[in-house]
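Reading through the structure tokens given below for one structure.
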Number of protein chains: 2
Amino acid sequence: MKKNSKQNSRWMHGKFKCNGYRMTKAREAILDILANTKDHLSAEDIYLAIHKFYPNIGLTTVYRNLEMLVNIGIVVKFDFGEGRSKYELSDHYSEKGHHHHLVCKECYKVIDYSDFMKDELNFLKNTENGLSQKYNFEIRDHLIQFFGICESCRK
Amino acid sequence: MKKNSKQNSRWMHGKFKCNGYRMTKAREAILDILANTKDHLSAEDIYLAIHKFYPNIGLTTVYRNLEMLVNIGIVVKFDFGEGRSKYELSDHYSEKGHHHHLVCKECYKVIDYSDFMKDELNFLKNTENGLSQKYNFEIRDHLIQFFGICESCRK
DNA sequence: TTGATAATGATAATCATTTTCAATTAAGGA
DNA sequence: TCCTTAATTGAAAATGATTATCATTATCAA
């Protein structure tokens with residue numbers, strides 16, 4: 001739990017209110033954890049991190065709030081094939097900015113990358129346009145992930 | 001269970017043997033189901049389809065064999081965010097050929113597309129090269145998916 | 001046909017995620 | 001500040017997909 005909790009709760013307060021939600025300790029704590037990590041955390045990771053400061057916030061509450069945060073677009077849920085979901089602040093709210101993931105099939109380590117974005121933007125623009133027309137599909141989102149074997153797992 | 005079961009079992013027999021596996025009724029049936037559908041089936045879907053012809057093949061066996069088939073690269077496992085995995089014959093063994101997926105966030109209908117592959121190949125080639133060098137990562141695989149709302153869910 | 005061993009089926013166990021429901025709390029107005 | 005009300009919570013139980021166990025059966029090379 002780091003310094004800018006206050007800031008987070010301030011900028012989120014409005015966002016929550018206009019969606020009919022309240023600002024609670026649990027929500028503030030979850031956002032705080034997510035804002036101050038570079039890792040990709042599971043619901044349980046987040047629960048454990050929060051638990052040190054607020055031992056009475058339960059895992060259920062963490063799950064419930066993550067779902068809500070995903071729904072209003074503040075958090076993104078990922079599946080890296082590990083058997084449980086991982087969560088990140090969405091690009092817009094994160095210091096990381098736009099990025100994609102490179103996932104080790106062996107140890108599930110995840111590397112964020114934001115290189116080669118020109119190629120990617122080109123590809124995405126063309127493909128999204130083409131697909132939405134051809135298949136009459138309203139495209140909301142995309143997922144690009146690379147899988148492989150990381151340096152340490154290769155040794 | 002359609003006509004070409006015999007064919008399937010024939011071309012798979014060798015593949016299995018050289019990996020130390022045996023050809024069994026369950027494996028033949030799973031491949032047969034997958035070869036004769038355009039859908040994306042869950043383990044249970046496959047189990048149910050097989051069950052009509054071989055009522056004594058259990059769900060456990062289907063799971064076990066799917067895992068094995070994924071391991072030797074004949075089958076690919078997908079997660080469309082529905083809470084259970086879906087399986088397809090891999091590109092090389094399927095009549096579908098190389099394709100990606102367009103997933104409806106509402107009803108989880110999946111559209112296969114293979115348009116815009118020039119853009120995609122370009123993007124993939126550059127990105128994979130760049131990433132594997134920069135991050136010293138041996139890239140094995142990639143996942144590209146688009147999510148949105150399909151025609152009928154928009155009405 | 002037979003022996004070694006891979007594969008199977010039934011059942012129980014796991015494990016992440018959800019549901020239930022009574023108790024608590026945030027937030028806006030009196 | 002106090003009240004009201006609906007949103008939120010925690011604990012516990014339920015769910016649902018997937019895996020592990022283990023005794024039995026089936027495959028296939030010799």
Side-chain angles (χ1 to χ4, degrees), chain A residues 5-6 8-10 12-31 40-48 50-51 53-72 74-87 108, chain B residues 9-10 12-31 40-48 50-72 74-87 108:
Chain A
S5 321
K6 294 279 168 50
N8 285 335
S9 64
R10 209 173 301 142
M12 281 295 105
H13 206 275
K15 181 92 182 170
F16 284 179
K17 269 206 313 198
C18 77
N19 278 286
Y21 297 114
R22 296 172 180 171
M23 170 57 73
T24 67
K25 220 177 326 192
R27 283 168 193 170
E28 192 173 337
I30 290 172
L31 289 172
H40 308 80
L41 304 178
S42 66
E44 196 186 3
D45 293 335
I46 296 169
Y47 161 73
L48 290 173
I50 289 179
H51 192 263
F53 299 86
Y54 302 103
N56 45 347
I57 290 178
L59 180 56
T60 307
T61 298
V62 173
Y63 269 109
R64 255 185 311 230
N65 281 313
L66 284 171
E67 190 194 7
M68 174 285 240
L69 292 166
V70 168
N71 282 339
I72 64 177
I74 295 177
V75 167
V76 187
K77 181 177 182 177
F78 287 99
D79 173 17
F80 298 126
E82 203 178 345
R84 56 197 174 153
S85 299
K86 298 295 189 78
Y87 299 85
Y108 293 108
Chain B
S9 66
R10 209 173 299 141
M12 281 294 105
H13 205 275
K15 180 92 182 173
F16 284 178
K17 271 205 314 201
C18 75
N19 278 285
Y21 297 115
R22 297 169 179 174
M23 170 56 72
T24 67
K25 218 176 330 188
R27 281 167 195 172
E28 191 173 337
I30 291 173
L31 289 172
H40 309 80
L41 303 178
S42 66
E44 197 188 4
D45 293 334
I46 296 169
Y47 162 73
L48 290 174
I50 289 179
H51 192 263
K52 294 178 196 157
F53 298 85
Y54 302 103
N56 45 347
I57 290 180
L59 180 56
T60 306
T61 298
V62 173
Y63 270 108
R64 255 186 310 231
N65 282 314
L66 283 171
E67 188 194 8
M68 173 285 236
L69 292 166
V70 168
N71 282 339
I72 65 177
I74 295 178
V75 168
V76 187
K77 181 179 181 179
F78 287 100
D79 173 18
F80 298 127
E82 204 177 345
R84 56 195 175 157
S85 299
K86 298 295 189 77
Y87 299 85
Y108 293 108

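Residue numbering restarts at 1 for every chain, and letters A, B, ... go by the order of the sequence lines. What's counted below: heavy atoms across the whole structure, side chains too, no hydrogens, waters or symmetry copies.
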Rounded to whole angstroms, how far apart are [atom1] on [X] and [atom2] on [N]?
| X | N | atom1 | atom2 | result |
| --- | --- | --- | --- | --- |
| A:Lys25 | C:dA26 | NZ | P | 7 Å |
| A:Asp79 | C:dT17 | CG | C1' | 13 Å |
| A:Ile57 | C:dA26 | CD1 | P | 11 Å |
| B:Asn56 | C:dA7 | CG | P | 18 Å |
| A:Tyr47 | C:dA16 | OH | P | 13 Å |
| B:Leu69 | C:dA7 | CG | C1' | 13 Å |
| B:Ile30 | C:dA7 | CD1 | C1' | 12 Å |

Contact check, side chains of B:Lys15 and B:Ile74, non-hydrogen atoms, under 4.5 Å: yes
B:Val76 side chain near B:Val70 side chain, heavy-atom distance below 4.5 Å: no
Touch class at under 4.0 angstrom, heavy-atom based, for A:Ser42 against every strand present: nothing
With sequence neighbours excluded, residues passing side-chain contact (heavy atoms from CB on, under 4.5 Å) with A:Tyr63: A:Ala43, A:Leu59
Inter-residue atom distance [X].[atom1] - [Y].[atom2], 0.5 Å rounding:
| X | Y | atom1 | atom2 | value |
| --- | --- | --- | --- | --- |
| B:Asn71 | B:Asn65 | CG | CG | 11.5 Å |
| A:Lys77 | A:Glu67 | NZ | CD | 7.0 Å |
| B:Leu66 | B:Ser42 | CG | OG | 9.5 Å |
| B:Asn19 | B:Lys17 | CG | NZ | 12.5 Å |

Worked check of side chain to side chain contact (heavy atoms under 4.5 Å, CB included) between A:Tyr87 and A:Leu41: CA-CA 5 Å; A:Tyr87 299 85; A:Leu41 304 178; 5.7 Å; no
Whichever of A:Gly83 and B:Asn65 has its nearest DNA chain C nucleotide further upstream toward 5': B:Asn65
B:Gly20 vs B:Thr61, nearer the 5' end of DNA chain C by closest nucleotide: B:Gly20
Covered region of DNA chain D, 5' end to 3' end, by chain A [heavy atoms, under 4.0 Å]: D:dA6 to D:dA12
Restricting to non-hydrogen atoms, name the atom on [X] and the atom on [Y] that form the minimum distance, rounded to 0.1 Å.
| X | Y | value |
| --- | --- | --- |
| A:Tyr47 | A:Ile57 | CE1-O, 3.2 Å |
| B:Arg27 | B:Arg22 | NH1-O, 2.7 Å |
| A:Ala26 | A:Ile50 | O-CD1, 4.4 Å |

The helix from C:dT1-D:dA30 to C:dA30-D:dT1: angle between end helix axes, five pairs per end, rounded to 10 degrees: 40°
Criterion side chain to side chain contact (heavy atoms under 4.5 Å, CB included) on A:Phe16 and A:Met68, from CA distance to verdict: CA-CA 10 Å; A:Phe16 284 179; A:Met68 174 285 240; 4.2 Å; yes
Exercise answer: donor-acceptor pairs, residues 79-86 of chain B side-chain atoms, under 3.5 Å, sequence neighbours excluded:
| from | atom 1 | to | atom 2 | distance (Å) |
| --- | --- | --- | --- | --- |
| B:Asp79 | OD1 | B:Gly81 | N | 2.7 |
| B:Glu82 | OE1 | B:Lys86 | NZ | 3.2 |
| B:Lys86 | NZ | B:His40 | O | 3.4 |

Short heteroatom pairs, N/O only, protein and nucleotides 27-30 of chain C, under 3.5 Å:
| from | atom 1 | to | atom 2 | distance (Å) |
| --- | --- | --- | --- | --- |
| C:dA27 | OP1 | A:Met23 | N | 3.0 |

Check against side chain to side chain contact (heavy atoms under 4.5 Å, CB included), B:Leu31 and B:Leu69: CA-CA 9 Å; B:Leu31 289 172; B:Leu69 292 166; 4.2 Å; yes
Could you pull out the protein-nucleic contacts involving nucleotides 18-23 of chain C (nitrogen or oxygen on both sides, under 3.5 Å)?
none

